[in-house]
Amino acid sequence: MSKEKKEEMVVTPWDVSGDMDYDRLIEQFGVQRMTPDIPERIAKQAGFKHLQLRRGIYLSHRDVDWWLDEYEKGKKVGLYTGRGPSGNVHLGHMLPWFFTKYLQDAFDADLYFQMTDDEKFVFPYNLTLEQTVANGYDNALDVIACGFDAEKTHIFSDTEDISHLYKIALNVAKRVTYSTAKAVFGFKDSDNIGMIWYPAMQAMTCFLQSEREGANIPCLIPAAIDQDPYWRMTRDIAEKLGYSKPAQIHAKFLPGLGQGGKMSASQPETAIFTKDPPEVAENKIMGAFTGGQPTVREQREKGGDPTICSIYAYYYFLFEEDDGRLVELENDCRSGALICGDCKARLAKVIGRFLVDFQEKREKAKDVLDDYFLK
Ligand code: TYM
């Protein structure tokens, strides 16, 4: 049940751990708290309110209201997100991608999708460049399987497509001092200089569409809040390069199947990967941490606590589209009518079906991979 000692919260682009206190994070990062008008404005454009907007998954932002204003004035707007291809993709990574696909449809926006095979090579992941590049192409299948529009989606590899990117990254790098990079990212003297250069690459994509189209196109980045330090740095220099500051919309973290913490590839037993066979995912789910009581009898008497339950989180973040049924599930858990074994088995079925369908889409994506890469 509830943990007695709180673990200290750490949120950086490379490390997310401890007990999340999103209110404190909003203060620490100096970002804008989400207000009810923003989901309404997005939903108005999309024609429906995405599950992630209805459930408050997007907790904060920077200037998303400005990005919406620009669109409403009739201006073309763009989207940018990405992936550090360190290995296989899990459900947590796809949380913001599903939402990005919804935004692409709603705003008819081009999406620039960055595969940072350079980042996962220079940072201490113990991967060769061959591995990170290959992972990037493999992970692109997951991106495509999310349903993005081939005409409007431009996936690129930092290493293989560098000729499109390098000049913009140099313009960024020239305007960021080492002291700023240290303050924002906490670099140490012992870090290699590839790591110190890399933020220029992640920042550069904010201006890529504008550079390619020769116009200042408002850019919005949907991602979890761990990536925010990059945008803090980028926003400081954007206007010096003649571009508007990029806007962001920040997701909460999909938890792992263990007790606390986000879903993370470094803990594969508590993460569900898109390539997991359904039986493997089922085993992970059946072994998950829940908010239930130690015995069925106690569960029937006292009920469970969905607020700390990893299984409930999966229904909440992704797998129970119907708000009414979600409330029923919560009530049945609290009253003891529902026991954890049954709740897990039901989720395993839903996720199993999702995986079979997604894996088929991933296979089909192999035939159209080229259509999605930056030309
Ligand atoms: P990466 O590969 O660590 O993560 C990819 C995307 O997944 C989000 N994310 C999560 N979201 C919800 N719940 C989780 N448990 C979870 N784990 C990861 C991340 O916030 C991210 O949106 N440096 C980046 C690659 C990158 C990028 C970008 C990401 C380059 N440009 C622009 C976002 C936007 C990285 O290593 O992401």
Least distance between heavy atoms, [X] atom then [Y] atom:
X: Val172; Y: Ala203; result: CG1-CB, 3.9 Å
X: Ile237; Y: Arg175; result: CG2-O, 3.4 Å
X: Met9; Y: Asp19; result: CB-O, 3.3 Å
X: Ile155; Y: Ala140; result: CD1-CB, 4.1 Å
X: Gln209; Y: Gly78; result: OE1-CA, 3.3 Å

Checklist entry - Yes or no on ring-ring contact (aromatic ring centres under 6.0 Å, His included) for Phe156 and Phe373, after CA distance, side-chain angles and deciding distance? => result CA-CA 6 Å; Phe156 60 93; Phe373 267 78; 8.7 Å; no
[X] side chain to [Y] side chain, donor-acceptor N/O pair below 3.5 angstrom:
X: Asp158; Y: Gln114; value: yes
X: Glu239; Y: Tyr243; value: no
X: Gln248; Y: Gln227; value: no
X: Tyr22; Y: Glu27; value: no
X: Tyr112; Y: Arg212; value: yes
X: Thr116; Y: Asp118; value: no
X: Thr295; Y: Glu298; value: yes

If you count heavy atoms of other groups shown closer than 6.0 angstrom to [atom1] of [X], is the number above 12?
X: Glu151; atom1: CD; answer: no
X: Asn126; atom1: CG; answer: no
X: Lys75; atom1: NZ; answer: yes

Item to check | Chi angles and distances behind the side chain to side chain contact (heavy atoms under 4.5 Å, CB included) call for Tyr314, Ile285 | outcome: CA-CA 10 Å; Tyr314 287 87; Ile285 293 165; over 6 Å; no
Checklist entry - Distance from Ile339 atom CD1 to Arg297 atom CZ, nearest 0.5 Å? => result 14.5 Å
Next on the checklist: I'd like to know whether Asp161 forms a salt bridge (Lys or Arg N to Asp or Glu O under 4.0 Å) with Lys375, so could you lay out the CA-CA distance, the side-chain angles of the two residues, the decisive distance to 0.1 Å, and finally the verdict.
Outcome noted: CA-CA 9 Å; Asp161 295 307; Lys375 309 279 178 315; over 6 Å; no
Checklist entry - Do Trp231 and Phe29 have ring centres separated by under 6.0 Å? => result no
Checklist entry - Is the distance between the ring centroids of Tyr315 and Phe319 under 6.0 Å? => result no
Determine yes or no for a side-chain-to-main-chain donor-acceptor pair under 3.5 angstrom, with [X] supplying the side chain and [Y] the backbone.
X: Asn139; Y: Gly87; result: yes
X: Gln299; Y: Leu338; result: yes
X: Glu320; Y: Asp322; result: yes
X: Lys284; Y: Pro268; result: yes
X: Asp236; Y: Met233; result: no
X: Thr180; Y: Val176; result: no

Next on the checklist: For Asp105 and Lys101: C-alpha separation, side-chain torsions, deciding distance, then whether salt bridge (Lys or Arg N to Asp or Glu O under 4.0 Å) applies.
Outcome noted: CA-CA 6 Å; Asp105 292 347; Lys101 144 86 179 133; 2.6 Å; yes
Next on the checklist: Could you walk me through whether Lys349 and Glu282 satisfy the salt bridge (Lys or Arg N to Asp or Glu O under 4.0 Å) test, starting with their C-alpha distance in whole Å, then the side-chain angles of each, then the deciding distance to 0.1 Å, before giving a yes or no?
Outcome noted: CA-CA 8 Å; Lys349 263 208 195 101; Glu282 179 175 352; over 6 Å; no
Checklist entry - When the ring planes of His93 and His90 are compared, do they come out parallel, tilted or perpendicular, using 30° and 60° as the limits? => result parallel
Checklist entry - Parallel, tilted or perpendicular: which fits the ring planes of Trp14 and Phe123, with parallel below 30° and perpendicular above 60°? => result parallel
Next on the checklist: Checking ring-ring contact (aromatic ring centres under 6.0 Å, His included) between Tyr102 and each of Tyr58, Phe148, Phe48, which is the one that passes?
Outcome noted: Phe48
Checklist entry - side chain to side chain contact (heavy atoms under 4.5 Å, CB included) between Leu95 and Phe317: does it pass, once the steps are laid out? => result CA-CA 8 Å; Leu95 189 80; Phe317 277 76; 3.8 Å; yes
Next on the checklist: Run the side chain to side chain contact (heavy atoms under 4.5 Å, CB included) test on Ser310 and Thr290 for me, step by step, so that the C-alpha distance in whole Å, both residues' side-chain angles and the decisive distance to 0.1 Å come before the verdict.
Outcome noted: CA-CA 6 Å; Ser310 71; Thr290 72; 5.6 Å; no
Checklist entry - Given the rule in the side-chain hydrogen bond (donor to acceptor under 3.5 Å, both in side chains) test, do Tyr80 and Gln202 qualify, once you have shown the distances and angles that lead to the verdict? => result CA-CA 10 Å; Tyr80 158 36; Gln202 185 149 336; 4.7 Å; no
Item to check | Six-ring centre of Phe113, Arg83 cation under 6.0 angstrom, axis tolerance 45° | outcome: no
Item to check | Criterion salt bridge (Lys or Arg N to Asp or Glu O under 4.0 Å) on Asp63 and Lys245, from CA distance to verdict | outcome: CA-CA 8 Å; Asp63 285 348; Lys245 294 178 180 188; over 6 Å; no
Checklist entry - Can Arg232 and Asp228 be counted as an ion pair, charged N to O under 4.0 angstrom? => result yes
Checklist entry - Is the closest basic N to carboxylate O distance between Lys152 and Asp108 below 4.0 Å? => result yes
